[in-house]
Amino acid sequence: MIILGIETSCDETAVCIIEADGPVEGANIRIRANITLSQAALHAQYGGVFPNLAKREHIKNLLIILKEVLKESEMSEAEPDIDAIAVTYGPGLEPCLWTGITFAEELGKKWGVLVYPVNHMEGHIFSALLHRKNVAATNYHLLTPNFPALALLISGGHTELDLMENYGKYRLIGETRDDAVGEAFDKVARLLGLPYPGGPEISRLAETARQGTDIRCLKPSTSDVNLPRPMLHSGDYDFSFSGIKTAVLYLLKKIGPHTSGVVAEIALEFENAVTEVLVSKTKRALREYGAQTLIVAGGVIANTHIRREFTKLAAEESVPLLIPEIQHTTDNALMIAVAAYATAMSGAEGRPLHATANIRADGTAKIC
Ligand code: KG4
Ligand code: ZN
């Protein structure tokens, strides 16, 4: 089955063409073309994603990227050899989602093929199932989780723990009550004077401080840099990250003028605090639900320290860990096309549903 995947839920315009065959368990996935265009540099000046700017960029770039993936796949534009179209229907920014959905529906009509609506979060889960023998291999296959599997999804718009009882059968067991993890990374980075998106910047600085190489000019003693671990012992599986951001703000006020060493030290403490909360809640959920596989996906799992800590946790708890390759952690169309293949194989069909959006008072996006 040849699937065209489309993802426009936030600030990445992504289109791919995959060729998939076999049952979902172990399915063969061949990537014919896969292009992701990030708008991050454009939104950097606002410190967050502006939905209408993102929509305008999606409109401008979708057709260009489509032509490119068709060319790379050696298909004609008029009658490409496509069996189905997969498009993200939500969650995400409504104007952005509708751009992708409308585009997909028009192509579906023109080519006479079905359009599969894909849940963005389910897409992230499938990004973790994609596996290849080595980095040089061009063909992937889908790993099979042992059910029930526990999925921790950590991105710029979401932080949630889902119990995956089977393909297409998910139960939300906990989520953030305010900021998502990635959002917290981005906001703390902004407070520290680092560019957007802040995740990679904080990660880089924290790693340097962890190795003790860049804290020579640290003014306050290390013990001054203490941040809370919100909801660590709340007894449920919900998260809250906005308090850490406020704590960073007060800490910076208290310290006053500071060196780059202090910035690195705060980045380290912030990353440690976030990781401890994520790992601790996930560990408890693994035990309580008797999870047989741990899946961690979403943009934040690009973080070196978080990857390392979840690798340790899975080993300690003796569960297999499935995490995406770094290049599949951020939003992409590949995960959407693969999730649609799983849906198609289960015999389900459908049309795009209403998407939800959550836009802050200042016009930037909360959910993406
Ligand atoms: O999954 P994603 O591409 O988009 C959403 O669906 O939200 O995630 C983007 C988020 C951003 O907040 C970004 O700062 C964060 O992932 N991120 C990281 C790292 N790389 C990206 N956070 C922490 N460490 C990283 N290395
Ligand atoms: Zn995402």
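All of these numbers come straight from a predicted model, not from anything done at the bench. Whatever order the structure lists them in is the order used to number ligands and atoms, beginning at 1.
Residue E79 qualifies as open at atom CD: its count of foreign heavy atoms under 6.0 Å is 12 or below.
The residue among G156, S9, G157, A184 with a heavy atom at the shortest distance from atom 10 (C) of ligand 1 is G156. One option in V274, T275, N303 has a heavy atom closer to atom 26 (N) of ligand 1 than any other, and that option is N303. Here the shortest heavy-atom distance to atom 2 (P) of ligand 1, taken over I202, D179, D331, I326, belongs to D331. With P324, G199, G299 as candidates, the residue nearest to atom 21 (C) of ligand 1 on a non-hydrogen basis is G299. Looking at I306, V300, T304, it is V300 that brings a heavy atom closest to atom 15 (C) of ligand 1.
At least one heavy atom of H120 sits less than 4.0 Å from an atom of ligand 1. Put simply, no part of E271 is less than 4.0 Å from ligand 1, judged by heavy atoms. At a 4.0 Å cut-off, at least one heavy atom of P200 sits close enough to ligand 1 to count as contact.
K187 contributes no side-chain N or O that, together with a main-chain N or O of S242, makes up a donor-acceptor pair within less than 3.5 Å. The backbone N or O of E19 lies less than 3.5 Å from no partner atom in the side chain of D21, so there is not a single donor-acceptor pair. Of the possible polar contacts, one joining the T176 side chain to the D178 backbone as a donor-acceptor pair under 3.5 Å is found.
Annotation: ring-ring contact (aromatic ring centres under 6.0 Å, His included) contacts of F310 (sequence neighbours excluded): none.
Judged as a side chain to side chain donor-acceptor pair (under 3.5 Å), the pairs with a partner in residues 59-71 (not counting sequence neighbours) are, in order, E57-K60.
Metal site remark for the Zn ion (ligand 2): H158 contributes no N, O or S atom at a distance under 2.8 Å. Within the 2.8 Å limit, C10 places no N, O or S atom next to the Zn ion (ligand 2).
Residue G182 has at least one nitrogen or oxygen atom sitting less than 3.5 Å from a nitrogen or oxygen atom of ligand 1, judged on distance alone. Taking only nitrogen or oxygen atoms, main chain and side chain alike, D186 reaches within less than 3.5 Å of ligand 1.
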After noting the C-alpha distance and the side-chain angles of E269 and R229, does the key distance pass the salt bridge (Lys or Arg N to Asp or Glu O under 4.0 Å) rule? CA-CA 10 Å; E269 169 67 1; R229 271 66 176 156; 2.7 Å; yes

May I have the step-by-step check of ring-ring contact (aromatic ring centres under 6.0 Å, His included) for F147 and Y167, ending in yes or no? CA-CA 9 Å; F147 298 117; Y167 293 107; 5.4 Å; yes

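As for D331, its N/O/S atom nearest the Zn ion (ligand 2) is the one called OD1.
Ring-centre distance between Y116 and Y341: not below the 6.0 Å cut-off.
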